[in-house]
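Below: one structure, written as structure tokens.
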Amino acid sequence: MTLSPQLEAKFNKLLESYPPGRQRSAMIPMLLYGQDEIGSVTDDLIEEVAGRIGVTALQVNEVLSYYSMLHRKPMGKYHIQVCTNISCLLHDGDKLYEHACKKLGIGHKEATADGQFSLEEVECMGACSWAPAIQVNYDFHHFVTPEQLDRLLDGLKKNAV
Amino acid sequence: MLYNEPSPLETRVLSRRFGKPNSASIDTYLADDGYKAFLKASKMKPEEIIEEVKASNLRGRGGAGFPTGMKWSFVPRNSPKPKYIVVNADESEPGTCKDRLLMEYDPHQLIEGILIAGLSVDAHAGYIYVRGEYRYLIEILDKALAEAYQKGWLGKNIQGTGFDFELYTHTGAGAYECGEESALLESLEGKRGVPRIRPPFPAVVGAFQCPTILNNVETYCAVPAIIRDGGKAFADLGVPKAGGTKLTCLTGHINKPGVYELPLGFPVLKLIEEVGGGIRNGKKLKAFIPGGSSCPILTAAECEGATMDYDSMASRKSMLGSGGVVVMDEDTCMVKAALRIMRFYAHESCGWCIPCREGTAWLRKLLTRFHQGMGTRTDIDLIGDVSRNMLGRTFCPLGDAAALPTISIVEKFRQEFEDHLDGKPCPFEHARHMVTV
């Protein structure tokens, strides 16, 4: 498959980052950076990564199913991740998640029909002192109230149009 | 900008540069005496570095609390194999958000700690394993690495010392288990993050089957101060057998949540009342988790006289853990808390060891049923029984991490479980909603 010049450079740098004969180490970073660009871990991406690190596609499949951030299905353009783990739960993170479900009309690991949003109830993301916290793609949002979430989602919708 | 106002009760050693303008840049780091500890260490014998770390009484800050100097001394320095320095930046323990700040505000302090570790065992390469969700930190770290290479603090013959060191960042992709040292090493090799049987320990057979020092971010970040000011000065900040300071994350029902650097041995009630400004809404304390959800929970009564250090927590059959403090007020449903914690471990169990894989799944089912008001009296004992049968029967501590807090919650808050029996509504929720699994 053809990669963007940025991803090509990233892959090449990763392959040089590990000791000789240990290129397999680049697998998980390559899959994640590849997914960031392509939208999901596609069959083509698996073949590409497998070829570059010298393992079979089956070996890549076996590994990727372990990691919760790697998705075989495309997520939305804006992937909304709401933490409901203990510190966020004590600040009603569970209710914030339910609010997000209603607002977007989707559930856990689902995407809206227009592909703009997807939702995931996630485990601790390391924002416990600033709970409840969410991540939109890789961006953290702290002390999120349902009203703030509404404003954030409405703003992103406008962006999309 | 800081995430929270500092407290006057803090002893800021590792966090001394937090909030300063451009604190992540190498120029400001050098202006604040940065990398001087590395230069000092480069003139010391390796065993002298390790002795200084031992004298500091520094213990691993990731949760296990193993003495750092001793860990370093286990690395066979004269092995013909290359040695590696690996940084555990997979901060995932629920309640913990401190390594984030160390990397965000002062990445060069971390790099300097890694370099000193490298000098102590003759390692010339290192990897910072950062959890996938912390992408912005990988960008900050990569920028810091580029600056360090450009200014000659990484690479060949660093500052004319003759010491070479290559340092890389490596992203995870979502897995709590990869914060466990041997699972992290598997993941670093491009595999599923399942734990390895030990011995051999990573000091002897670690990254790429070579001798490896593997520590938490905060542990490495303490090393420049230890070399700069001496191990004894660092030790004296804390209590006997536990030197220095600990970054403590105050979370939950507290007026001033945030990350605070406090000397080891800081009183728990002072932490809640004076650093944290007391319990939110004037409520009473019900329960306290000292260092992440893997630690057995303390009741309010047990917090009396307790201090934030390894021995005080061990004497209360808990652990200091990672520094992720969770404060729960009198309105918290402990059944719901136990369920949420178990849902986490059931999700994160890698499935390698059957007691953990099956135990966490069954406990999640039992606790879900309980919280929905469909539990039976025998279930209360069954929860404890299943938990106790996981203890010590797994390759890594995740099984114990799931079982111990559950046992402590059932033992200490048994009445709340009884209050959920016979279809009675949860006494803590006016409009009960069903918890989905």
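Here the structure is a predicted model, which means the values were calculated and not measured.
- For A/V122, the part lying under 4.5 angstrom from a heavy atom of chain B is the backbone only.
- Using a 4.5 Å cut-off between heavy atoms, B/L250 touches chain A through its backbone atoms (N, CA, C, O) alone.
- Using a 4.5 Å cut-off between heavy atoms, B/I138 contacts chain A through its side chain alone, with no backbone atom that close.
- Counting heavy-atom pairs closer than 4.5 Å to chain A, the top residue among B/H253, B/E91, B/K98 is B/H253.
- Ring pair A/Y138/B/Y134: centre-to-centre distance not below 6.0 Å.
- For residues 82-90 of chain B, a heavy-atom distance under 4.5 Å to chain A picks out B/Y84, given by residue number.
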Audit row: A/H142, B/Y3, side chain to side chain donor-acceptor pair (under 3.5 Å) steps and yes/no: CA-CA 10 Å; A/H142 299 135; B/Y3 285 85; 5.3 Å; no
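- A 4.5 Å side-chain heavy-atom check between B/E189 and A/Y18 finds every atom pair outside the cut-off.
- Within the 4.5 Å cutoff, side-chain heavy atoms of A/R22 are placed close to those of B/Q209.
- A cation-pi contact, defined as under 6.0 Å to the ring centre and within 45° of the axis, is absent between B/R192 and A/Y67.
- Between A/P29 and B/H170 the shortest heavy-atom distance is CG-CE1, 3.6 Å.
- Proximity to chain A (any heavy atom under 4.5 Å) is shown, for B/L167, by neither the backbone nor the side chain.
- In this structure, A/Y66 and B/E186 have side chains that are not in contact, with every pair of non-hydrogen atoms separated by 4.5 Å or more.
- With a 4.5 Å cut-off on non-hydrogen atoms, A/L89 touches chain B through its side chain but not through its backbone.
- Within the 4.5 angstrom heavy-atom criterion, no atom of A/A131 approaches chain B.
- For a residue to count as touching a neighbouring chain, one of its non-hydrogen atoms must lie under 4.5 Å from one of that chain's; by this rule B/F344 touches chain A with backbone and side chain alike.
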Given A/M27 and B/K191, is the side-chain contact (heavy atoms from CB on, under 4.5 Å) satisfied, shown in steps? CA-CA 8 Å; A/M27 185 200 298; B/K191 299 174 193 164; over 6 Å; no
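- A/Q35 does not touch chain B: none of its heavy atoms, backbone or side chain, sits under 4.5 Å away.
- At a 4.5 Å heavy-atom cutoff, B/V325 makes no contact with chain A through either its backbone or its side chain.
- Taking the charged nitrogens against the carboxylate oxygens, B/R340 and A/D94 have no contact shorter than 4.0 Å, which rules out a salt bridge.
- Interface remark: B/E166 contributes no atoms to any contact with chain A (heavy atom separation under 4.5 Å).
- Proximity to chain A (any heavy atom under 4.5 Å) is restricted, for B/Y168, to the side chain, taken from C-beta onward.
- A/Y33 has its side chain within reach of B/T171: a pair of non-hydrogen atoms, C-beta onward, lies under 4.5 Å apart.
- Contact of the A/N137 side chain with the B/R135 side chain is not registered, since no non-hydrogen atoms from C-beta on lie closer than 4.5 Å.
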